[in-house]
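One structure is given here, and the rest of the page talks about it.
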Amino acid sequence: MTSGITKYLFAGFGGQGVLFIGKVMAQAAMLAKRQVTWIPAYGPEMRGGTANCSVIISNKRIGSPTVGKPDIALVMNEASYQKFIASVVPGGTLYVNSSIVPDLPGRDDIQVVRVPVNDIAHEIGEAKVANIVMLGVIQALTPTLEDEILIKALVELAGKKPELADLNSRAFKAGIEYARKHV
Amino acid sequence: MTSGITKYLFAGFGGQGVLFIGKVMAQAAMLAKRQVTWIPAYGPEMRGGTANCSVIISNKRIGSPTVGKPDIALVMNEASYQKFIASVVPGGTLYVNSSIVPDLPGRDDIQVVRVPVNDIAHEIGEAKVANIVMLGVIQALTPTLEDEILIKALVELAGKKPELADLNSRAFKAGIEYARKHV
Amino acid sequence: MAMLMKGNEAIAEAAIQAGCRLFYGYPITPSTEIPEYMSKKMKSSGGTYLQAESEVAAINMVYGAGAVGERVMTGTSSPGFSLMQEGLSYLFAAEIPCVIVDVMRSGPGLGGLGPTQADYFQLTKGGGHGDYHGIVLAPASVQEMVDLTKEAFDIADYYRNLVIVAVDGILGQMMEPVEFPPYQGRKLSPKTWAASGAEGRPKNNVISYYLTPDLGESENLRWGQKISLMKESEQRFSEYLMDDAEFAFVAFGTSARITETAVDMLREEGIKVGLFRPVTLWPFPEKGLSARLPQIKGLMSVELSSGQMVEDVKLIVNGQAPVGLCKRQGGMTPEPEEVVDAFKKQLLGRGQG
Amino acid sequence: MAMLMKGNEAIAEAAIQAGCRLFYGYPITPSTEIPEYMSKKMKSSGGTYLQAESEVAAINMVYGAGAVGERVMTGTSSPGFSLMQEGLSYLFAAEIPCVIVDVMRSGPGLGGLGPTQADYFQLTKGGGHGDYHGIVLAPASVQEMVDLTKEAFDIADYYRNLVIVAVDGILGQMMEPVEFPPYQGRKLSPKTWAASGAEGRPKNNVISYYLTPDLGESENLRWGQKISLMKESEQRFSEYLMDDAEFAFVAFGTSARITETAVDMLREEGIKVGLFRPVTLWPFPEKGLSARLPQIKGLMSVELSSGQMVEDVKLIVNGQAPVGLCKRQGGMTPEPEEVVDAFKKQLLGRGQG
Amino acid sequence: MKTIFTKTSGLTERPFHYCPGCTHGIIHRLIGELLEEMNLIEKAIGVAPVGCAGFCENYFSCDMIGAAHGRAVAVATGAKRARPDRFVFTYQGDGDGASIGLAETVSAAARGEKISSIFVNNAIYGMTGGQMAPTSLVGQRTSTSPYGRDAVTMGFPLDLPKILTQVEGAVYVASVSVESPQAIKETKKALRKAFQIQLDGLGYSFVSILSTCPTNWGVDPVEALDWLTTKMKPYFALGELKTPALEGGSNS
Amino acid sequence: MKTIFTKTSGLTERPFHYCPGCTHGIIHRLIGELLEEMNLIEKAIGVAPVGCAGFCENYFSCDMIGAAHGRAVAVATGAKRARPDRFVFTYQGDGDGASIGLAETVSAAARGEKISSIFVNNAIYGMTGGQMAPTSLVGQRTSTSPYGRDAVTMGFPLDLPKILTQVEGAVYVASVSVESPQAIKETKKALRKAFQIQLDGLGYSFVSILSTCPTNWGVDPVEALDWLTTKMKPYFALGELKTPALEGGSNS
Amino acid sequence: MKNVVKINVERCKSCGLCVHTCPKKILKIGDKPNSKGFYAVEMTDQSLCIGCAFCGLICPDLALEIYREEKGE
Amino acid sequence: MKNVVKINVERCKSCGLCVHTCPKKILKIGDKPNSKGFYAVEMTDQSLCIGCAFCGLICPDLALEIYREEKGE
Ligand SMILES: Cc1ncc(C[n+]2csc(CCOP(=O)(O)OP(=O)(O)O)c2C)c(N)n1
Ligand SMILES: Cc1ncc(C[n+]2csc(CCOP(=O)(O)OP(=O)(O)O)c2C)c(N)n1
Ligand code: SF4
Ligand code: SF4
Ligand code: SF4
Ligand code: SF4
Ligand code: SF4
Ligand code: SF4
Ligand SMILES: [Mg+2]
Ligand SMILES: [Mg+2]
């Protein structure tokens with residue numbers, strides 16, 4: 001998070017919506033008039049394969065858009081945990097979807113935050129928004145931008161679907177609340 | 001014809017057999033254990049277009065196989081006459097098929113030999129061997145190899161067709177005779 | 001107003017804004033967003049998107065539309081670009097303006113979907129037969145993809161030459177905020193040469209052959225003059241902290257972005273380095289780089305390939321300074337730290353010694 | 001016993017003698033004598049000639065036959081060679097040995113039927129995508145076409161790499177006396193990797209992709225090692241009057257033949273020139289040329305192109321001596337006199353001054 | 001315990017990478033079973049396409065070659081001519097075989113190449129994320145026909161098996177499907193016949209199989225079976241379109 | 001004096017480069033006449049192939065584009081989509097259209113491109129000196145089938161018009177010939193219909209014309225007419241194989 | 001005599017094709033995710049199974065094997 | 001009324017197709033080569049010509065034009 005630059009990595013199965021929350025972050029950063037880049041990476045499989053994206057939010061012009069050592073990483077499944085835990089920058093934060101990822105050996109020099117986002121999403125009544133719940137958690141614990149601006153981005157990306165915007169906002173807030181209460 | 005190297009150019013319509021008499025020369029040179037190269041050049045048309053070939057016969061290893069300035073050139077049609085007369089090396093010889101090529105402005109610094117080879121071939125009874133008649137003329141006036149070796153080459157290239165070999169030999173000799181008598 | 005857009009989509013939108021009304025393409029990862037965007041937007045822009053049966057067909061459709069004088073584009077990725085090589089050679093010879101996008105993916109062979117710059121030779125030297133060149137533009141941000149794509153059409157028409165926009169898979173897939181200033185094209189002469197139907201004028205032929213070697217040579221010399229003119233006039237580059245630099249990185253596209261960060265890191269250590277970024281890969285910006293040589297103790301090419309552009313760098317440096325290479329291959333990109341390390345190992349010792 | 005043979009036919013005969021039992025090709029002037037010869041002779045040699053529907057199909061048939069472990073060849077000319085570029089990149093990545101003949105004709109585009117060397121970049125830098133190289137053999141006489149074609153098959157099998165025999169149209173069409181000494185192939189290991197049917201062994205896959213960038217990089221590095229090994233071991237060249245030469249011509253194929261005569265002419269004038277003839281265009285014989293540099297005051301590349309090989313020459317000379325260029329294009333060849341003149345104009349003045 | 005149904009040794013142990021419910025897997029299994037039943041595992045050389053099935057060399061127990069996109073038939077031709085004693089088959093998608101590889105397919109058929117092609121028609125480009133295929137139906141929305149395939153500007157679905165009936169060297173042409181156990185059994189029969197025709201040296205054999213792509217059709221796997229049945233089957237000519245006994249085809 | 005027969009303004013004054021007796025010239029004249037009669041000279045864009053007709057842009061009075069070998073249909077597609085108001089035709093040999101360009105031809109037909117293709121089938125590769133074409137007859141000797149085309153190893157002649165009847169977007173498919181004044185008149189009729197179909201915007205129209213190549217067949221021009229009549233006509237399906245009125249074709 | 005459907009939970013992708021195809025409707029999607037996150041199919045009443053193997057035939061992922069236990073086994 | 005076949009000697013390639021096709025057999029290959037070396041076709045008896053234009057239709061090289069002289073012309 002040196003010199004006003006934050007690097008994110010969001011990883012999981014295809015279908016878990018990690019690319020989407022990266023987009024929300026990026027959109028929000030743009031709305032906040034920050035510099036931003038978003039890069040996706042997919043595995044060769046169509047579904048069930050791995051997917052991840054890197055987001056950089058910065059106050060100054062962004063050189064390298066790739067994120068080798070994220071400040072903040074999110075892993076939604078076990079494979080991503082195994083793959084990325086070592087890359088988090090010392091002092092950084094790793095968010096783990098504990099609904100799916102078992103309790104595995106961690107690291108001492110980073111913060112590991114385990115959140116059962118699938119279960120939380122289930123409670124809200126829509127399993128698909130586990131990703132947004134996690135976005136809320138991240139926002140609560142390691143915010144880079146204002147809450148409002150993230151919600152605005154969420155609404156914008158929902159396009160012309162107000163129910164979706166609503167659902168997403170609820171999931172986002174549920175994440176924030178959960179984090180404030182439990183972590 | 002400097003340093004035991006002779007450069008030939010044979011040019012005409014496709015179908016006039018200029019490539020063939022080049023091959024005969026080349027084959028003969030090889031039989032005589034001389035160094036030799038043969039290069040064809042065609043126009044883009046299938047028939048009736050221009051065709052020519054360059055032959056180099058040499059006592060030593062042949063560098064450039066292209067013939068920009070032939071020592072001995074043969075033109076079987078008017079287009080070739082126009083195209084190549086300027087290229088003949090000073091002191092060289094230009095053979096012209098006078099059955100087809102009209103009497104056109106020549107050059108003083110080269111020998112121009114006009115022979116009505118179509119007519120001669122006609123007399124032998126086979127219009128197609130005009131090219132071989134011309135080969136005989138060339139052999140008579142500017143020989144590089146022995147008569148016998150050229151005849152041998154002619155026979156070899158006739159393959160398994162003795163009548164053809166015979167016809168070709170007759171045409172060749174007719175050319176020699178004509179040259180000795182008329183030129 | 002800025003909007004967040006993928007590089008591939010930005011290219012497609014920029015093309016439409018530049019008056020491109022025909023897109024012929026065949027899908028291939030990681031360039032597929034280009035045809036997808038075109039299939040969505042062309043119709044309402046009064047243009048035509050057509051999915052070709054192959055890249056070979058696509059480039060020849062481009063040839064047809066370009067020959068009748070319309071603005072036309074195709075987009076593909078490396079294996080598809082390889083299939084277009086005969087077509088590119090023909091487009092050059094027939095002097096048909098057009099724009100081709102190559103979103104490079106890692107090879108050789110089917111390879112992988114990761115980013116690469118290993119088509120550099122194919123792009124710049126001519127992967128097809130004969131002496132020819134396309135102008136090759138290499139943007140390094142989504143905004144530059146917009147700006148250069150628009151220009152590409154003008155340049156193509158101006159010279160009657162193919163123009164290639166070359167990016168790696170990262171740039172094609174990356175989202176950045178981007179703006180679309182109104183397009184103001186160059187003033188160009190009407191395409192009187194086009195085979196667009198001979199209404200009210202003598203007939204035109206647009207062909208790519210010559211009947212005799214003499215003609216072939218004179219055509220090639222004429223094209224050679226055009227090549228020289230393009231070489232003279234179209235070199236583009238961008239510099240980062242080069243004014244007082246004692247060492248220069250040379251890099252384009254994504255690797256230039258990564259190198260920019262490496263430059264920052266080295267500058268923090270007090271080492272005077274800068275980045276020379278070719279914006280045209282062909283013509284290589286040799287004037288710009290040559291101008292910097294007197295101040296430079298060493299150069300390093302940073303590439304997503306086994307080292308291809310480094311040859312062009314060496315040709316310009318011509319022995320006047322050491323030239324290093326930092327590379328990653330097969331879809332990998334270097335971290336800025338790696339670039340720093342490579343620099344220190346290969347150049348810093350030597351340059352100072 | 002010597003026989004008079006066209007270069008193209010000599011290549012075809014040599015291939016058969018080297019155990020090539022499969023030829024897939026598509027006719028194109030000036031290489032057509034190769035498929036024609038094969039169609040006549042393959043059957044009685046127990047092999048197969050098959051006319052493909054296109055060059056794209058031909059190179060992929062080659063891929064299939066090579067993948068099952070058989071000796072296979074194709075032959076084409078420049079536009080057809082351009083169509084094979086995707087295939088070449090795949091052949092390299094799948095490490096399939098094979099031999100490809102390019103009888104160059106003048107381009108770009110449909111161009112003409114005259115000789116050229118303007119496929120040099122495409123041949124040596126890789127006209128397809130990604131980092132790869134084929135070994136490129138450039139004979140300069142019909143005899144050498146025989147000898148190198150035979151070797152090509154051995155080299156291909158030894159490295160599991162594509163080998164290209166590159167000649168211009170003159171060499172392909174030229175007749176010279178030629179001999180066929182009995183073929184004695186290299187000792188080669190059996191092709192245990194081939195996908196020839198898994199009888200009695202675990203199954204084999206012959207593929208050209210990798211699933212992740214990590215794997216992509218390690219594959220590319222492995223191929224890079226092979227490339228280094230080929231570069232180290234397979235450089236070939238031939239010299240003419242180089243021992244005491246103060247100036248060197250660099251030329252291959254037909255232009256080398258022409259230059260040989262120019263060397264003779266200059267030597268007659270007492271000027272100490274020689275000819276350095278690359279026999280492998282890739283790997284370029286840089287060791288051989290470098291070894292001569294200390295004695296050399298200037299070099300001149302003689303090419304049937306706008307000047308492509310001259311870049312490789314310059315990369316080696318690296319500023320140590322002036323490098324000139326004598327070129328003809330579009331199907332034209334220089335007369336030896338022209339080479340002499342160009343030399344005098346570009347180098348003699350400078351080299352002595 | 002009697003085995004009624006189990007995995008064939010014609011397939012490796014590796015789980016498929018295909019999306020849930022994608023019928024590529026069913027077709028793989030049928031081929032694997034035939035490789036085993038017809039004793040071809042050690043004799044076969046399969047050619048993989050580029051497409052979703054581009055990794056199928058991991059699944060079949062025989063030797064495999066991975067071809068460039070669209071060139072599987074050319075690669076197979078090259079391989080078969082080199083080893084006429086081998087059994088050579090291609091496995092290709094509709095984009096691979098009917099778009100970029102169309103010339104290769106039809107030309108090999110014309111030459112009567114002694115190979116067998118399995119053509120998996122899912123009316124879309126699966127691997128690249130759902131673009132229009134030559135076989136996409138009129139009206140079908142894909143990522144490159146977002147407003148639906150419009151016959152006037154984008155043309156009509158290409159019926160490759162129907163075309164091949166007009167090509168003399170194609171001696172067996174079948175068009176089958178996999179939406180039900182019955183259809184799957186028919187498909188296996190057709191494949192067996194196609195393979196046998198190659199073994200008998202009669203010429204080119206071609207089996208087109210209608211298949212699903214739930215992911216890119218945007219429906220669930222069961223709905224996909226239904227889409228196949230109600231939308232695809234009516235358009236494409238089905239059955240044994242041409243057999244060695246029945247030259248000229250049943251569609252005329 | 002009344003003119004019964006004279007040169008059309010649809011052709012330039014330039015003499016043809018074709019070999020003596022080559023019927024490419026007759027076909028050129030028919031096209032030239034139709035360009036004039038249908039008032040298309042200023043509206044037409046022709047696409048030349050690579051092949052003996054590769055220089056035909058010199059002969060037609062309209063604008064012309066020279067395509068790469070086999071790609072004329074793709075070039076024409078590109079041109080027509082760019083200028084739908086123009087009349088766009090291709091002129092191609094059998095190698096150009098049915099071998100290297102097969103995918104382009106069939107795919108354009110499937111898309112129903114509003115262009116007209118004239119396909120000159122002389123059963124050989126003329127320009128390159130007489131190699132086997134996809135249309136060469138079984139037993140025919142060519143420079144790459146020196147022992148005669150053998151159906152078992154080289155396959156069967158490809159009947160492209162017959163194939164195209166199975167392609168929905170091809171709305172007019174005719175197979176005609178030029179060995180006699182009657183045949184020439186029929187050919188002109190077919191060409192006129194094909195052109196009109198494009199002008200009416202109905203879809204792809206394709207006219208295959210059997211033609212001679214005395215040079216590479218190794219016969220004199222008059223014998224060549226006979227060879228065409230007695231050898232080629234019996235093999236290739238002739239007539240209007242598919243017309244807009246008669247969907248499905250007359251050959252079924 | 002009893003028919004046994006063996007479910008390879010790790011291979012199952014929860015596509016539901018077998019559920020849809022089984023004439024006896026005795027298969028259902030389970031509620032425990034496997035290691036890949038797929039809810040594997042489950043047998044509801046093995047005794048009703050007629051051993052028709054339709055489920056195996058339609059399963060694209062080779063997740064099912066079907067056996068018949070002979071009497072007395 | 002008289003039909004006139006105008007022969008463009010320079011365009012004629014001596015292929016003989018018109019000779020073969022003329023129903024009246026009044027055309028023949030001549031014996032004077034044109035500038036390209038081709039022996040152009042000649043009319044043997046113009047008065048027999050019926051003006052059917054078959055010769056013009058079959059001539060691949062546009063070497064023939066056919067006119068009808070109206071009576072009294
Ligand atoms: C030359 C080339 N062009 C394009 C691609 C991208 N590509 C890969 S697979 C594919 C099409 C896949 O569709 P299909 O053949 O129908 O197979 P499916 O995935 O539907 O089974 C395409 C266009 C490529 N790999 N190579
Ligand atoms: C890519 C490519 N391959 C091959 C050729 C060589 N070539 C030129 S024309 C031709 C075939 C000509 O035959 P056809 O199309 O039947 O026309 P024809 O000459 O018989 O009228 C070939 C193979 C080429 N020019 N380009
Ligand atoms: S994308 Fe479609 S065809 Fe490909 S695996 Fe998924 S469902 Fe199957
Ligand atoms: S080669 Fe054949 S097709 Fe070509 S012009 Fe001559 S006769 Fe006609
Ligand atoms: S074997 Fe038949 S009855 Fe038994 S579970 Fe499978 S489909 Fe149902
Ligand atoms: S068909 Fe196979 S993969 Fe699908 S739910 Fe049933 S057992 Fe699982
Ligand atoms: S017009 Fe008829 S009759 Fe007269 S010359 Fe011609 S073909 Fe013969
Ligand atoms: S048909 Fe024409 S070219 Fe042939 S002989 Fe008659 S007039 Fe001459
Ligand atoms: Mg598909
Ligand atoms: Mg032909």
Side-chain angles (χ1 to χ4, degrees), chain D residues 20-26 42 47-74 84-91 93-94 96 98 128-129 191 193-211, chain E residues 9-12 14 17 35 39-50 54-88 90 100-111 113 115 127:
Chain D
C20 170
R21 286 294 168 272
L22 296 144
F23 183 92
Y24 304 118
Y26 189 77
M42 259 304 187
T48 298
Y49 160 81
L50 183 66
Q51 191 164 308
E53 58 272 31
S54 71
E55 290 87 351
V56 172
I59 197 69
N60 285 289
M61 291 176 182
V62 166
Y63 184 98
V68 305
E70 299 297 316
R71 286 201 158 176
V72 56
M73 179 161 113
T74 187
M84 295 185 177
Q85 295 307 315
E86 189 205 29
L88 299 189
S89 176
Y90 271 75
L91 283 162
I96 295 175
C98 62
H129 59 287
K191 297 180 176 176
W193 51 267
S196 52
E199 222 151 5
R201 58 153 171 78
K203 86 191 218 75
N204 283 333
N205 292 332
V206 177
I207 59 168
S208 79
Y209 71 85
Y210 36 80
L211 280 179
Chain E
S9 65
L11 294 174
T12 65
R14 186 124 157 197
H17 69 282
L35 290 176
N39 222 345
L40 294 172
I41 295 173
E42 297 205 324
K43 195 184 165 178
I45 301 169
V47 183
V50 180
F55 315 120
C56 73
E57 79 283 348
N58 292 315
Y59 309 132
F60 296 115
S61 301
C62 59
D63 276 7
M64 295 288 299
I65 306 172
H69 186 39
R71 316 306 172 193
V73 172
V75 169
T77 298
K80 179 76 180 194
R81 296 279 182 152
R83 292 298 302 265
D85 58 321
R86 295 314 193 193
F87 173 81
V88 179
T90 70
I100 189 169
L102 183 56
E104 282 77 4
T105 310
V106 178
S107 300
R111 287 192 308 265
E113 295 296 342
I115 58 178
M127 147 152 282

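Note: hydrogens, waters and symmetry copies are ignored here, and every other heavy atom, side chains too, is used. Proteins get letters first, then strands, A, B, ... in listed order; numbering begins at 1 in each.
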| field | Top contributor to chain D contacts, counting heavy-atom pairs under 4.5 Å, from E/G70, E/G54, E/A82, E/A76 | value | E/A82
| Name of the residue among D/L22, D/I59, D/T74, D/V72 meeting side chain to side chain contact (heavy atoms under 4.5 Å, CB included) with D/C98 | D/V72
| field | Residue part contacting chain E, namely of D/S89, when any heavy atom lies under 4.5 Å | value | neither
| query | Is chain D contacted by the side chain of E/R86, its backbone, both, or neither, given a heavy-atom distance below 4.5 Å? | reply | side chain
| Region of E/F60 that comes under 4.5 Å of a non-hydrogen atom in chain D | backbone
| Under 4.5 Å from a heavy atom of chain D, the part of E/I65 involved | both
| D/A58 portion near chain E, given a 4.5 angstrom heavy-atom threshold | neither
| Contact class of D/E70 relative to chain E, heavy atoms under 4.5 angstrom | side chain
| Which answer fits D/E86, side chain, backbone, both or neither, if we ask what part of it has an atom under 4.5 Å from a heavy atom of chain E? | side chain
| message | Could you work out, with side-chain hydrogen bond (donor to acceptor under 3.5 Å, both in side chains) as the rule, every residue matching D/E55, not counting sequence neighbours? | response | none
| note | In short, salt bridge (charged side-chain N to carboxylate O under 4.0 Å, His left out) pairs touching residues 60-70 of chain E with sequence neighbours left out are D/R201-E/D63
| Residue selection (most heavy-atom pairs with chain E, distance under 4.5 Å) from D/L50, D/I96, D/I207 | D/L50
| query | Looking at E/K43, E/R71, E/K80, E/E57, which has the largest count of heavy-atom pairs under 4.5 Å with chain D? | reply | E/E57
| chain E contact via D/A57 - side chain, backbone, both or neither, heavy atoms under 4.5 Å | both
| said: Measuring only between side-chain heavy atoms, which start at C-beta, is D/Q51 closer than 4.5 Å to E/R111? | reply: no
